[in-house]
Amino acid sequence: QLELVESGGGLVQPGGSLRISCAASGFNLDDYPIGWFRQAPGKEREGVSCISGRSYHLYYADSVKGRFTISRDNDEKMVYLQMNSLKPEDTGVYYCAAALGATVQSMCVRSHGTRYWGNGTLVTVSS
């Protein structure tokens, strides 16, 4: 059974850093682009960053460019999001998702091809 489990969320001060992780099981991670999405209170879910199966292609939302870095380790079946210079507006529940038949841009911008989702991890940026 395919499963995605996020971890690493928590409370961090503005300007701080946090790395969240997504552990995959039940499938060959190489075959799937993986994305990080977030949903802030009262707002729609948005794509934050997406990475192709072998990390050749990356996508970042404008709001996180230069601050967030997505990476993956297919052997360990892990995907990471390193978040630096965090801002209060980065607060939200962060979800990882696996897609089929999507580019990293279409996955992140339109959730195209997303098939499997984790349950999310809460990131709170506050002083």
Side-chain angles (χ1 to χ4, degrees):
Q1 181 177 349
L2 190 146
E3 187 175 24
L4 297 169
V5 179
E6 303 90 340
S7 63
L11 174 64
V12 61
Q13 292 188 341
S17 297
L18 200 64
R19 188 178 80 159
I20 55 178
S21 302
C22 174
S25 62
F27 65 107
N28 185 6
L29 193 62
D30 304 43
D31 296 335
Y32 293 80
I34 300 291
W36 284 100
F37 297 78
R38 69 185 178 192
Q39 188 163 22
K43 294 188 176 181
E44 292 188 355
R45 187 181 65 205
E46 62 172 340
V48 175
S49 183
C50 294
I51 185 169
S52 61
R54 298 189 182 274
S55 306
Y56 294 152
H57 303 287
L58 309 177
Y59 174 90
Y60 294 97
D62 288 343
S63 58
V64 306
K65 278 181 183 176
R67 300 188 298 122
F68 289 12
T69 302
I70 191 170
S71 62
R72 63 192 293 161
D73 183 335
N74 288 341
D75 290 337
E76 296 295 325
K77 294 191 174 183
M78 295 292 296
V79 182
Y80 305 99
L81 187 68
Q82 176 68 43
M83 305 183 290
N84 298 328
S85 303
L86 281 161
K87 305 176 182 180
E89 51 263 43
D90 294 319
T91 294
V93 179
Y94 283 70
Y95 302 89
C96 64
L100 283 174
T103 65
V104 291
Q105 182 167 355
S106 68
M107 180 184 184
C108 259
V109 174
R110 299 193 304 273
S111 297
H112 182 236
T114 49
R115 294 286 186 272
Y116 310 104
W117 292 84
N119 290 325
T121 186
L122 177 63
V123 173
T124 303
V125 185
S126 175
S127 54

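Residues take their numbers from the sequence shown, with the count starting at 1.
Contact of the Leu4 side chain with the Tyr32 side chain is not registered, since no non-hydrogen atoms from C-beta on lie closer than 4.5 Å. Residues Tyr116 and Phe27 are not in side-chain contact: their nearest non-hydrogen atoms beyond the backbone lie 4.5 Å or more apart. Here the side chains of Leu29 and Val79 are in contact, with some heavy-atom distance below 4.5 Å.
Across all their heavy atoms, Gly26 and Lys77 have their closest contact at N-NZ, 4.5 Å. Residue Cys50 comes nearest to Gly35 through the heavy atom pair SG-CA, 3.6 Å, listed as atom of the first residue, atom of the second, then distance. The two residues Gly118 and Tyr95 make their nearest non-hydrogen contact at O-CD2, 3.5 Å. Summarising the geometry of Arg67 relative to Ser85, their closest heavy-atom pair is NH1-O, 2.9 Å, with the distance given to 0.1 Å. Heavy-atom minimum distance, Pro14 versus Ser126: CD-C, 3.6 Å. Annotation for Ile51 and Leu58: closest pair CG1-CD2, 3.3 Å, computed over non-hydrogen atoms.
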The test is side chain to side chain contact (heavy atoms under 4.5 Å, CB included); show your working for Leu18 and Tyr94 and say whether it passes. CA-CA 12 Å; Leu18 200 64; Tyr94 283 70; over 6 Å; no
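Residue Gln39 qualifies as enclosed at atom CD: its count of foreign heavy atoms under 6.0 Å is above 12.
In terms of modelled atom types and a separation under 3.5 Å, the side chain of Asn74 and the main chain of Gly53 share a donor-acceptor contact. Checked by atom type and distance alone, the side chain of Glu6 never pairs as donor or acceptor with a backbone atom of Ile20 at under 3.5 Å. Looking at Tyr60, its side chain does come within 3.5 Å of a backbone N or O of Ile70 through a donor-acceptor pair. A side-chain donor-acceptor contact under 3.5 Å links Ser49 to the backbone of Tyr59. In this structure a side-chain-to-backbone donor-acceptor pair under 3.5 Å is present from Asp73 to Glu76. Distance alone, capped at 3.5 Å, is enough to place a donor-acceptor pair between the Thr91 side chain and the Val125 backbone.
Here the two rings, on Trp36 and Phe68, have centers that are 6.0 Å apart or farther.
Taking the charged nitrogens against the carboxylate oxygens, Lys65 and Asp62 do have a contact shorter than 4.0 Å, which makes a salt bridge.
Under the salt bridge (Lys or Arg N to Asp or Glu O under 4.0 Å) criterion, the residue pairs touching residues 42-53 are Arg38-Glu46, with sequence neighbours excluded.
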